[in-house]
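Structure first, then comments.
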Amino acid sequence: MAFISSGYDPAKPMEGRITDIGPKHYDQFYPEVIKKNKGKWTHHEILEPGILVHVAENGDEVFTVRCGGARIMSATHIQEICDIADKYCGGNLRFTTRNNIEFMTDTKDQMLALKADLNQRKFPGGSYKFPIGGTGAGISNIVHTQGWIHCHTPATDASGTVKATMDTVFSDFQDMRLPAKLKISMACCLNMCGAVHCSDIAILGYHRKPPILDHEYLDKVCEVPLAVASCPTAAIKPSKVELPNGETVKSVAVKNERCMYCGNCYTMCPSMPLSDAEGDGIVLMAGGKVSNRISAPKFSKVVVAFLPNETPRWPTMTNTIGKMIEEYAKGARKYERFGDWTDRIGWERFFDVCELDFTHHLIDDFRDAAYQSWRQTTQFKF
Amino acid sequence: MAFISSGYDPAKPMEGRITDIGPKHYDQFYPEVIKKNKGKWTHHEILEPGILVHVAENGDEVFTVRCGGARIMSATHIQEICDIADKYCGGNLRFTTRNNIEFMTDTKDQMLALKADLNQRKFPGGSYKFPIGGTGAGISNIVHTQGWIHCHTPATDASGTVKATMDTVFSDFQDMRLPAKLKISMACCLNMCGAVHCSDIAILGYHRKPPILDHEYLDKVCEVPLAVASCPTAAIKPSKVELPNGETVKSVAVKNERCMYCGNCYTMCPSMPLSDAEGDGIVLMAGGKVSNRISAPKFSKVVVAFLPNETPRWPTMTNTIGKMIEEYAKGARKYERFGDWTDRIGWERFFDVCELDFTHHLIDDFRDAAYQSWRQTTQFKF
Amino acid sequence: MAKHNTPLLDELESGPWPSFVSDIKQEADVRAKNEKGIDFQIPSEACDDLLGLLELSYKDGTTHWKHGGIVGVFGYGGGIIGRYSDKPVEFPACASFHTVRVSQPGAKYYTTEFLRQLMDLWQLRGSGLTNMHGSTGDIVLLGTTTPQLEEIFYTLTHDMDQDLGGSGSNLRTPADCIGQSRCEYACYDTQELCYFLTMMYQDELHRPAFPYKFKFKFDGCPNGCVASMARSDLSFIGTWKDQIGVDQAEVALYVDGTNPSNAGAHKGRDWGAFDIQAEVVDLCPTDCMKYENGELKINDKECTRCMHCINVMPKALKIGKQRGISMLAGAKAPIVDGAQMGSLIVPFLPIDQTMNKQLADFDSEEDWMEYLEEKYAAFVEVIEAVWDYWMEEGKNRERLGELMIRQGLQKLLEKIGMEPQAVHVDHPRTNPYIFWKEDEVPGGWNRDINEYRKHHAR
Amino acid sequence: MAKHNTPLLDELESGPWPSFVSDIKQEADVRAKNEKGIDFQIPSEACDDLLGLLELSYKDGTTHWKHGGIVGVFGYGGGIIGRYSDKPVEFPACASFHTVRVSQPGAKYYTTEFLRQLMDLWQLRGSGLTNMHGSTGDIVLLGTTTPQLEEIFYTLTHDMDQDLGGSGSNLRTPADCIGQSRCEYACYDTQELCYFLTMMYQDELHRPAFPYKFKFKFDGCPNGCVASMARSDLSFIGTWKDQIGVDQAEVALYVDGTNPSNAGAHKGRDWGAFDIQAEVVDLCPTDCMKYENGELKINDKECTRCMHCINVMPKALKIGKQRGISMLAGAKAPIVDGAQMGSLIVPFLPIDQTMNKQLADFDSEEDWMEYLEEKYAAFVEVIEAVWDYWMEEGKNRERLGELMIRQGLQKLLEKIGMEPQAVHVDHPRTNPYIFWKEDEVPGGWNRDINEYRKHHAR
Ligand code: SRM
Ligand code: SRM
Ligand code: SRM
Ligand code: SRM
Ligand code: SF4
Ligand code: SF4
Ligand code: SF4
Ligand code: SF4
Ligand code: SF4
Ligand code: SF4
Ligand code: SF4
Ligand code: SF4
């Protein structure tokens, strides 16, 4: 392999340097029908799962075919997407906020041809390349994060848990039988890059062991005061430690009982790793939402405190998620989001019908605000 | 005046000493009809404001006439109560949890005679001695505290604010036109002996100036560490102070901007008084409840941050309370408690209809939990 | 003629509500005239001076009472609140003005005989002024001097068979709603349980051994007439586990307007004809009722026993028969960490419906107490476990509720041996900051950095 | 033949959902075969080794990535995440595997031309793997080496007119919902505002000057399709101030079943005939609608613009015409003080409905930006006031939301010159712990103890 220069001259980094030009202007990327009718759409209809039509004031229509995307996408895969868009969509496409691909065309016939084409594209392993779905009162793609594929703090994998879950709920990706939209998110550690804190169902990677202390290196690679300050529960104190070789070094001590394994110290200091095969696993949350429709946005609640990392397919996790969705489908009313359903029937009933154990872990004990989640009424169901 | 001994011998305090005998047994105090039918009441009816009948399985009835009480009661007044109870009620009576007097009789005729008698008893100033009312969907007596009549920390008077308020809402004490019960409470300082934190309407005495420091005496009469520890906002620090006479004493310093005038330091240390004619006054709260009926108990919310102590009748306060009650009466639905009404129409609408100013003081900023009271939705009314 | 001019206070004599000013003046007058010839043991002008001092507060807008000194009766750590004025020269007759808290009887029933005796004592040895009652529930005798305290206590205990109430870092005088004595909604005998625990814990009531004050209150049902959920470290609220009793014939009489809705509580306004659908079914918080073809149906499994429907139709609907108590913990006023409502800790403790014997059925109060100890053994167990925990872990001046917030509800549940259940929360935690116990995590917490580094290069 | 055996990962190739394993294998294969004859600038086995490393994680249950070193492009403080594996010997081809965050275009519309160009660059200089897209919104190019960073940046800026996105204590790449470009609910042009602010704050995006990260997101209406309320320090949500437009004829077509409810979103189940009363009127959170005599009436004064009725009947009901934006502040993930939703800080900033000129209407992008500066001046003012405050008071690694909790919402409102209003809260404070400002209290705070003692003896 020979180094190929882009034109950049390391000796003169500032020469001809272009900075602060931002993203490309959206106008350059709009399909024609979009550019023409922007701001003039009057209504839309979901024709079938994954296929929408939007109608403009002047009668123009745009048909959208939404396809699931794994989010990890290879250049080769994206080139295939481009081929499709060139063939059916005049060379335009978009991605949704949930990492689905949207192919748009302005005629019904093109849409039908496109649909047929997409449905027959599969990976050698058998999975669809472009499953159509994810609209209306169904389940869309999972917003998620890096996991073991790229990050240093995950307590589980992201892509694997997502693949296993989407396989499980796939029929609901291609259907609209649920009472309302059901949004699933995944984040591989408490940093929650997947913003799972307000999803109907959320998969969260969680550590359960306090950091291991690499005393020999700690003071060399970390700033002790920053590590100390990083801890939300004040579990970390500066300390002097005698190494096996007799040398005394500056380091930190962790009060294990005060630690809730958030990993914030590890973010500040590489000599405090947390991960552990037995300690790490999955927390399931449920009942959050973001839309302001009918009810205000809500946080997700922890419903399963821990599930081990059953690689490669996390069956206990997917079964639990499946069960929750079935019960929701059965129990909720039309338009009722997951969390509105649980609030209506009461969380005790939710644990009942979903056959989930309620354990001490699920009672909030983080700071003063925890109190507001306890039951301050005699109203409860047996 | 000559000292009269009870029989107690100060030289031998333990001689014949009786302790730990508790209150009298309730059995001794029940009226006959109560004793006979305890646990066997089947239903009741409020015949008219202040007059209830309870019916037992065997058909027995007990008629209760409820009268307002000022709570401060003189021995002479209580003796008059006893006279009435002897005349109409076989020598029994009770007080309610809101300091009303309940006269009970087992015949309707007695009840009618009693009612006529009570209605004509007045103090020389013109006030009723025994106003009948306080039942059903009306306003009952105000639960309250000591105020300037007996306590060292009040920011207002209790008995006076209560008298002024009860005079204002008197027609509702004798009526049942409201959507639901409306409970008013009063506490003369943040200690809230009146437990105003969950009343439909609450009157609260409030200081607005940080403590004055009596450096010369502080270390002599207080324990500095206790004073420091008492402060919920960590506004107090130990400090050395030079007195005018050149002497240096141990004392404390208060960071005024961190103080919210709770007076907890003064409770721990008499050398840190807070009260001040201009600083002290009234906070009005609203929308709390205790019952579990329909909705869970709720805390009262601060709706007026400050009203000065307009002695002797606090007209601004009573007018504001009157206005809130009128709007509630107009706007709420049958059975709807005050706080359920405000929650339904939204607090912005409440401030509107009650013509109250919303000021920065009303936004919670006390600790983490404050956040939960802010508006986390786009839903609001213009 | 009044001793002091009180123009401001005089304005509080008009208006319909009983005037405390008129009443204090009345007592001042009685003392001045002293028609009964009482040899007042504290200054006869106590009420006059109190009015004068209060008038001053009305003028200058501040209190004139100082911190209470430590006064009390021998061997007790509570029951008396010391109080001195900061104007002893100007108003000498109320310069010291301590209050005596007298333990009130169950549901505040009295005989006139008892009250008269108490008032005689108080006119002799105190100001003659009272609070009927203090907010905790005590009879509050307002204003006496230090030398009188032991005398009052002696008379109370020897002549009236009556004890003091609580103050300080003690159990405070427990209080109850009227309950079964006159209320059809009561799910248990509030007076009995309140009295039993009061007697059981006399020591805790009189001798400070706690980190701070502690309160019990007893509500017979979720209507909460003694406001226990707001004002007691432990609240006992009656409830039931089975079905609401429905008398369809009476339901019909509500529907046709014969029975007044809510027992007549809304008589003051014309709310229109009773609408069972709108007023009962639609307001049920759990949506567990139906009214169809003239019949009211309740899906009791989903009912949360809020009392609404029963309150609206007391003749038709009845509390269940399998009764017991929900216990909530931690309610308190806002000092220092903010106010708290009680949090549910024991969802349901049944009360044996066959154990109905009354004091009268026993030879002595001791025998009866023993019987009650058996009847209420489960409650005593919870209470003592709560106290053990609080006394072990509570900081000075830390209420139970504050300790619960500091250490988490689950800690208290663990200490009282209560399995955590979903009913303990309104909703599960929204943050995933879960504390695990080391023994719950396979492999424990102590790991070897060298072992770790074998698999993870620096 | 694959370089590593990946039996665990292989199990993730089956099932209907697109398999990332299959896709990575596909790219590994492309690189191995290299039919296009690319002179790969990072090891051609990058994808193979990534699979091998990932398989190891699936086996031993832990990650094998280390802390990112500080890598980046000259003059920028963000846009690159450094990443090294802790198994560099075993899996050398992905030993360093940095990501490049590329600023995505508005609403993620693309031309295939652009994507192809980008993929060509990435196959040459990186692993060929991407995330389309990262959770913040960027195009994430996954896996390259340090020497390639400047080269990639050079090609992006010089040949593709494309910049990097954000990371570090910067403004992060703003993101928007599809908005007016294809959605009838959009109350403003999310792409325009998002683009304008992104361009306006390029400096803030590339050069860390903040205490921590800062995110903007733009939702065209309260449905919140870009989840701004949950994921952005400042969220911009479209809304309106006047009436919902009602087309009664279309309402009738919903009622008779011609129009599918919720635009067909519920087609997967037979929910029975559409019931406008139950599905619209009764579910309105403010109870401000009536359906009577075939007519739908909305009391718009009480409407809180929740979108429900419009969502259910998009052909009949239309967002209002007097449009603007609600701004909420402080949303974030749970680290460190717990998660936050955005809190309303600016209830409504109108958008001038007459200022509709597009880029094409101007001679240059600069002219257009100037026009937008005028159009959005009020927003810029709020944003900069928020930043000034946060930069002044925020601690290191303290998100805006955490600062708001630490100092109180009213402090932020004061700093942005916003009068506190009841709409800023769900409910007023429940604790009376009010902080007054000294100048609000007559007489000030400094009092003289001797003066006090004149009236109050010790
Ligand atoms: C394409 C997309 C916007 C984009 O810029 O990419 C989008 C598009 C539409 N959304 Fe959305 N929403 C999109 C993400 C979201 C999100 C964010 C998310 O998923 O993380 C939310 C908030 C989720 C939450 O509350 O947790 C969201 C909450 C809604 C709602 C409110 C639903 C509710 O019941 O609460 C509506 C209204 C409705 O469904 O009638 C809505 C309605 C719509 C409409 C009908 C708007 C329109 O008229 O075009 C679009 C088609 C809906 C559909 O798919 O059924 N869209 N929508 C996003 C598609 C993501 C995907 O691939 O699945
Ligand atoms: C790549 C991405 C996840 C993904 O797979 O999509 C990501 C990846 C990381 N995030 Fe994130 N965050 C990503 C979106 C988010 C989001 C979602 C969003 O922006 O909408 C959040 C939640 C919203 C928020 O900002 O609160 C998020 C909350 C965090 C946090 C917690 C911040 C907090 O205040 O609570 C951290 C911790 C930190 O900053 O030290 C964090 C830190 C990180 C770091 C930089 C961890 C680290 O210290 O090295 C991760 C690098 C992973 C890697 O190797 O590439 N990331 N991170 C997302 C950015 C891609 C993009 O630019 O489009
Ligand atoms: C006498 C008393 C109990 C006692 O032991 O002294 C009592 C007695 C009754 N209460 Fe009460 N309540 C009494 C204080 C309370 C309190 C506590 C308080 O006022 O501080 C509450 C909780 C207040 C709150 O929620 O803030 C209370 C909330 C109720 C409720 C629930 C009302 C609601 O709409 O939320 C009912 C049910 C009802 O009214 O139908 C009720 C019902 C009743 C009934 C109907 C019970 C019965 O069948 O006898 C009694 C007559 C009601 C009436 O006055 O209209 N009682 N009731 C108390 C009278 C106080 C007074 O003088 O005004
Ligand atoms: C007399 C009484 C008010 C009344 O006028 O009725 C009262 C009076 C005092 N209370 Fe109280 N409290 C009284 C019931 C309450 C209640 C209501 C209740 O018990 O249901 C509360 C709220 C419930 C609770 O316990 O939280 C209450 C919460 C407080 C507090 C705040 C405690 C807290 O943890 O938040 C204090 C402050 C303290 O303990 O230092 C306090 C302190 C005081 C002191 C002792 C102030 C002091 O430090 O000297 C007051 C003596 C006043 C005096 O001169 O007589 N008092 N106090 C009530 C007791 C009478 C009785 O025994 O029946
Ligand atoms: S959630 Fe945690 S582990 Fe996952 S990508 Fe974000 S920072 Fe990394
Ligand atoms: S993991 Fe979190 S709680 Fe534990 S020591 Fe580190 S920073 Fe503290
Ligand atoms: S509320 Fe405050 S001032 Fe009033 S009696 Fe209680 S402690 Fe005293
Ligand atoms: S009044 Fe309260 S906040 Fe102020 S210094 Fe005293 S204890 Fe602290
Ligand atoms: S709490 Fe219940 S049982 Fe007690 S008096 Fe009130 S309604 Fe009756
Ligand atoms: S008690 Fe309350 S929850 Fe139960 S049926 Fe009656 S109204 Fe419904
Ligand atoms: S947020 Fe509103 S405007 Fe934006 S895409 Fe969603 S529904 Fe349309
Ligand atoms: S937008 Fe929401 S609040 Fe407004 S009328 Fe429609 S359903 Fe009601």
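The chains referred to below are lettered A, B, ... by the order of the sequence lines, with proteins before strands, and numbering in each begins at 1. All values derive from a computational prediction rather than experimental measurement.
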Please verify the inter-ring angle class for B:Tyr26 with B:Tyr30; under 30° counts as parallel, over 60° as perpendicular, anything in between as tilted.
tilted
Region of B:Gln146 that comes under 4.5 Å of a non-hydrogen atom in chain C
side chain
Non-hydrogen atoms of chain C under 4.5 Å away: do they reach the side chain of B:Arg333, the backbone, both or neither?
backbone
Would the distance check show the side chain of C:Arg83 and the main-chain N or O of C:Lys66 forming a donor-acceptor pair, the cut-off being under 3.5 Å?
yes
Measure B:Cys269 against the heavy atoms of chain C and call it side chain, backbone, both or neither at under 4.5 Å.
backbone
Apply side-chain contact (heavy atoms from CB on, under 4.5 Å) to the pair B:Ser127 and B:Lys163, showing each step before the final yes or no.
CA-CA 10 Å; B:Ser127 66; B:Lys163 163 73 173 148; 4.0 Å; yes
Please classify the contact of C:Tyr58 with chain B as side chain, backbone, both or neither, using a heavy-atom distance under 4.5 Å.
both
Residue, of B:Thr97, B:Asn37, B:Ile46, B:Val290, that accumulates the most heavy atom pairs under 4.5 Å with chain C
B:Ile46
Contact origin within B:Tyr266 toward chain C - heavy atom pairs under 4.5 Å
both
Pick one of side chain, backbone, both or neither for B:Thr267, based on which atoms fall under 4.5 Å of a heavy atom in chain C.
both
For chain C, the option from B:Gly125, B:Gly136, B:Pro49 that forms the most heavy-atom pairs under 4.5 Å:
B:Gly125
Verify whether one side chain among C:Asp29 and C:Gln26 offers a donor that lies under 3.5 Å from an acceptor in the other.
no
Turns out that what part of C:Met341 lies under 4.5 Å from chain B's heavy atoms comes down to both
Given a strict heavy-atom distance threshold of 4.5 Å, which part of C:Leu50 is in contact with chain B: side chain, backbone, both, or neither?
side chain
Report the C-alpha distance between C:His158 and B:Tyr8 in whole Å, list the side-chain angles of each, state the deciding distance to 0.1 Å, and finish with yes or no for side-chain contact (heavy atoms from CB on, under 4.5 Å).
CA-CA 10 Å; C:His158 285 76; B:Tyr8 173 72; over 6 Å; no
Region of B:Ile21 that comes under 4.5 Å of a non-hydrogen atom in chain C:
both
Measure C:Gln340 against the heavy atoms of chain B and call it side chain, backbone, both or neither at under 4.5 Å.
backbone
May I ask you to decide if B:Ile294's main-chain N or O and C:His308's side chain share a donor-acceptor pair within less than 3.5 Å?
no
C:Ser103 side chain to C:Asp163 side chain, donor-acceptor N/O pair below 3.5 angstrom
no
Segment of C:Lys318 engaging chain B (4.5 angstrom heavy-atom cut-off):
side chain
Tell me which of these, C:Glu192, C:His64, C:Gln104, C:Lys59, has more heavy-atom pairs under 4.5 Å with chain B than the rest.
C:Glu192
Report yes or no: does B:Thr42 contribute a side-chain atom to a donor-acceptor pair with the main-chain N or O of B:Val55 at less than 3.5 Å?
yes
Looking at residues at least two apart in the chain, or sitting in another chain, which of them share a side chain to side chain contact (heavy atoms under 4.5 Å, CB included) with B:Leu47?
B:Glu45, B:Ile51, B:Val53, B:Phe63, B:Met111
Side-chain (B:Asn292) to main-chain (C:Pro222) donor-acceptor, under 3.5 angstrom:
yes
Any donor and acceptor pair, going by atom type alone, linking the side chain of C:Lys108 with main-chain N or O of C:Ile178 inside 3.5 Å?
no
Name the option with the most non-hydrogen atom pairs under 4.5 Å to chain B; the candidates are C:Trp17, C:Tyr185, C:Trp65.
C:Trp17
With side-chain hydrogen bond (donor to acceptor under 3.5 Å, both in side chains) as the criterion, how do B:Lys181 and B:Ser291 come out once you've worked through the C-alpha distance, each side chain's angles and the decisive distance to 0.1 Å?
CA-CA 11 Å; B:Lys181 287 179 183 307; B:Ser291 86; over 6 Å; no
With a 4.5 angstrom heavy-atom cut-off, which part of C:Ala107 approaches chain B: side chain, backbone, both or neither?
both
Engaged part of C:Ser19 at the chain B interface, taking heavy atoms whose separation is under 4.5 Å
both
Counting heavy-atom pairs under 4.5 Å with chain B, the top scorer among C:Arg231, C:Glu365, C:Met199 is C:Met199
Relative to chain B, which segment of C:Ile42 carries a heavy atom at a distance below 4.5 Å: side chain, backbone, both, or neither?
backbone
For the pair C:Gln358 (side chain) and C:Asn356 (backbone), establish whether a donor and an acceptor sit closer than 3.5 Å, ignoring hydrogens and angles.
yes
Sort out for me which of C:Lys332, C:Lys25, C:Glu13 touches chain B most, counting heavy-atom pairs under 4.5 Å.
C:Glu13
C:Trp122 versus chain B, the contacting section by heavy-atom distance below 4.5 Å
neither
Would you call B:Asp27 and B:Lys35 a salt bridge, taking side-chain N to carboxylate O under 4.0 Å as the test?
no
By a 4.5 Å heavy-atom criterion (distance strictly below it), what part of B:His150 contacts chain C: side chain, backbone, both, or neither?
both
Residue part contacting chain C, namely of B:Ala329, when any heavy atom lies under 4.5 Å
both
With a 4.5 angstrom heavy-atom cut-off, which part of C:Asn396 approaches chain B: side chain, backbone, both or neither?
side chain
Do B:His77 and C:Phe20 make the cut of ring centroids closer than 6.0 angstrom?
no
Counting only non-hydrogen atoms closer than 4.5 Å, does B:Thr64 touch chain C with its backbone (N, CA, C, O), its side chain (CB onward), both, or neither?
side chain
Rounded to the nearest 0.5 Å, how far does OG of B:Ser199 lie from NZ of B:Lys289?
12.5 Å
For each of B:Phe130, B:Phe173, B:Trp148, B:Phe123, tally heavy-atom pairs with chain C at distances under 4.5 Å, and name the one with the top tally.
B:Trp148
Under 4.5 Å from any heavy atom of chain C - which part of B:Phe170
side chain
Can you tell me how far OG1 of C:Thr155 sits from CG of C:Leu121, rounded to the nearest 0.5 angstrom?
5.5 Å
Residue among B:Ser185, B:Ser74, B:Ala137 with most heavy-atom pairs under 4.5 Å to chain C:
B:Ser74
Given heavy-atom pairs under 4.5 angstrom as the criterion, report whether the side chain, backbone, both or neither of C:Ala186 touches chain B.
neither
Part of C:Arg305 lying under 4.5 Å from any heavy atom of chain B:
neither
Between B:Asn92 and B:Phe29 (side chain of the first, backbone of the second, donor and acceptor by atom type, cut-off under 3.5 Å), is there such a pair?
yes
Please look at B:Asp86 and chain C and tell me whether the side chain, the backbone, both or neither of the residue comes under 4.5 angstrom of a heavy atom of that chain.
both
Do you know which of C:Ala339, C:Gly224, C:Gly106, C:Pro314 has the most heavy-atom pairs under 4.5 Å to chain B?
C:Ala339
B:Pro297 versus chain C, heavy atoms under 4.5 Å apart: side chain, backbone, both or neither?
both
Given heavy-atom pairs under 4.5 angstrom as the criterion, report whether the side chain, backbone, both or neither of B:His25 touches chain C.
both
State whether the side chain of B:Thr145 and the backbone N or O of B:Cys188 hold a donor-acceptor pair below 3.5 Å, judged by distance alone.
yes
Not counting sequence neighbours, which residues clear side chain to side chain contact (heavy atoms under 4.5 Å, CB included) with B:Asp20? List them please.
C:Tyr76, C:Gln202, C:His206, C:Arg207
So, the part of C:Val102 with a heavy atom under 4.5 Å from chain B: the answer is neither
Under 4.5 Å heavy-atom distance to chain C, tell me which part of B:Asn191 shows up: side chain, backbone, both or neither.
both
Okay, C:Gln123 and chain B: the region with an atom under 4.5 Å from a heavy atom over there is side chain
